[in-house]
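Order of appearance sets the numbers: ligands from 1, and atoms from 1 within every ligand.
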Amino acid sequence: MPNPPFIVGNWKMHGLSEAVSVAEEIARESRKSTARLAICPPATLLSRLSEALKDAPHIELGGQDCHYEAQGAFTGDISATMLKDAGAGLVLLGHSERRHGHKEPCSQVALKVKAALKAGLEPMICIGETLSERESGRTHEVLRRQLRDSLPAELEGQRFHVSYEPVWAIGTGLIATDDQIRDAFALIGKVLDKRFQGHVVPHLLYGGSVKPDNAQHLLSLEGVGGLLVGGASLKAPDFLSIIRSADQA
Ligand code: 13P
């Protein structure tokens, strides 16, 4: 049986108390979905959502980043253990807004992946090229390097996911072409297969301007096993429409 599509909402730095009711609506209206579903709210809402969704186990919760240490003098940081304690089952790592906005190198992403595994969280590692890297013909080189250096050997035999998010497609309304997506997924699949010798079949997700009107098509592309949704996951009707696309994919 192939894995059902994995639809993940990344709320980024959005969401105050009122957002709990958005998650409740998503949970209520997606009970019959056959897709795997998760929401990654800001860390301040994790415990609240965990409590609010305790009767909705079909919605998993995730963190958006973590520190690579379990605890310590790291003001403002959150550890994987803390995310787990607050109700998360997975964590996004190496998102481009961390890699570029916070200058996180691959080596740090790899340490965070190890910390996530140790805490019992499923890591979802994000990779993707910038526009200038694509335009200078370096997409493959960048993806290969990010996969090599952000994925530690400890992932062997573990459950994890990789999300391909072209940086230029995030929050811009631009979407990679079918050929660009097929090409990137083929490369990622090949690199992972070689590296982990077919032992694990992680979900490979696409992210970057996923909307209700393109979700079904994206999920129909070879290798695309799920979607990482930013802006469109903040509104229950839009996210629910994407979830319905997954049910029809
Ligand atoms: P948008 O869907 O808003 O483009 O964001 C994508 C993303 O970064 C998800 O992690």
Side-chain angles (χ1 to χ4, degrees), residues 5-15 19 22-23 26 35-43 45-46 49 59-66 83 88-104 109 112-113 116 121-131 133-134 142-143 146-147 150 160-177 180-181 184-185 188 202-219 221 224-246:
F6 195 5
I7 308 298
V8 182
N10 174 10
W11 282 6
K12 308 192 180 184
M13 200 172 73
H14 296 283
V22 174
I26 291 168
R36 187 174 167 190
L37 306 174
I39 295 174
C40 301
L45 285 180
L46 262 178
L49 292 197
I59 304 279
E60 300 173 42
L61 294 174
Q64 300 175 7
D65 181 46
C66 69
L83 293 175
L90 64 129
V91 61
L92 306 179
L93 294 171
H95 191 282
S96 76
E97 285 148 19
R98 304 293 316 175
R99 289 181 187 271
H100 298 284
H102 292 260
K103 306 270 177 287
E104 275 187 18
V109 177
K112 292 179 174 199
V113 171
L121 295 177
E122 278 181 28
M124 179 171 291
I125 303 125
C126 305
I127 59 170
E129 80 288 356
T130 62
L131 189 57
E133 287 164 344
R134 173 162 287 280
V142 170
L143 297 182
Q146 290 181 340
L147 286 169
S150 314
F160 69 96
H161 315 279
V162 172
S163 184
Y164 171 59
E165 300 202 291
V167 179
W168 49 272
I170 295 177
T172 57
L174 296 173
I175 192 125
T177 65
Q180 288 170 335
I181 294 173
F185 275 68
I188 296 166
H203 273 104
L204 298 186
L205 291 83
Y206 172 83
S209 297
V210 175
K211 304 284 176 220
D213 61 1
N214 59 24
Q216 194 166 2
H217 176 69
L218 288 165
L219 286 167
L221 298 175
V224 178
L227 301 170
L228 182 53
V229 187
S233 68
L234 296 169
K235 292 191 190 126
D238 286 358
F239 198 48
L240 286 164
S241 165
I242 292 170
I243 291 170
R244 279 192 290 277
S245 301

Considering both backbone and side-chain atoms of G230, is one of its nitrogen or oxygen atoms within less than 3.5 Å of a nitrogen or oxygen in ligand 1? yes
Give every donor-acceptor pair under 3.5 Å between a side-chain atom in residues 166-175 and any protein atom, sequence neighbours left out.
| from | atom 1 | to | atom 2 | distance (Å) |
| --- | --- | --- | --- | --- |
| W168 | NE1 | E129 | OE2 | 2.9 |
| T172 | OG1 | W168 | O | 2.8 |
| T172 | OG1 | A169 | O | 3.4 |
| T172 | OG1 | L174 | N | 3.1 |

Given H95, M124, K211, identify the one with the heavy atom nearest to atom 10 (O) of ligand 1. H95
Near G231, which atoms of ligand 1 are under 4.0 Å from a heavy atom of that residue? 1 (P), 2 (O), 3 (O)
To check you understand the geometry: which heavy-atom pair defines the closest contact between Q64 and M13, and what is its length? OE1-N, 4.4 Å
E97-ligand 1 polar pair, N/O distance under 3.5 Å: no
S209 N/O to ligand 1 N/O under 3.5 Å: yes
Per side chain to side chain contact (heavy atoms under 4.5 Å, CB included), L93 is matched among S163, C66, S150 by C66
Nearest to atom 9 (C) of ligand 1, what protein heavy atom do you find, and at what distance? E165 OE2, 2.9 Å
Per-atom contacts, ligand 1 versus L228 - under 4.0 Å to a heavy atom: 9 (C), 10 (O)
Atom CG of L83 and atom CG of L90: how far apart are they, to the nearest 0.5 Å? 9.5 Å
Does K12 come within less than 4.0 Å of ligand 1, judged by its heavy atoms? yes
Would you please classify the geometry between the F185 ring and the Y164 ring as parallel, tilted or perpendicular, with 30° and 60° separating the classes? perpendicular
Okay, side chain of Q146, backbone of G128: is any donor-acceptor separation there less than 3.5 Å? yes
Expected list for residues 226-238: side-chain donor-acceptor pairs under 3.5 angstrom, two or more places apart:
| from | atom 1 | to | atom 2 | distance (Å) |
| --- | --- | --- | --- | --- |
| S233 | OG | V229 | O | 3.2 |
| S233 | OG | G230 | O | 2.7 |

Only heavy atoms of N10, strictly under 4.0 Å: list the atoms of ligand 1 that pass. 9 (C), 10 (O)
G171 versus ligand 1: do any nitrogen or oxygen atoms come within less than 3.5 Å of each other? yes
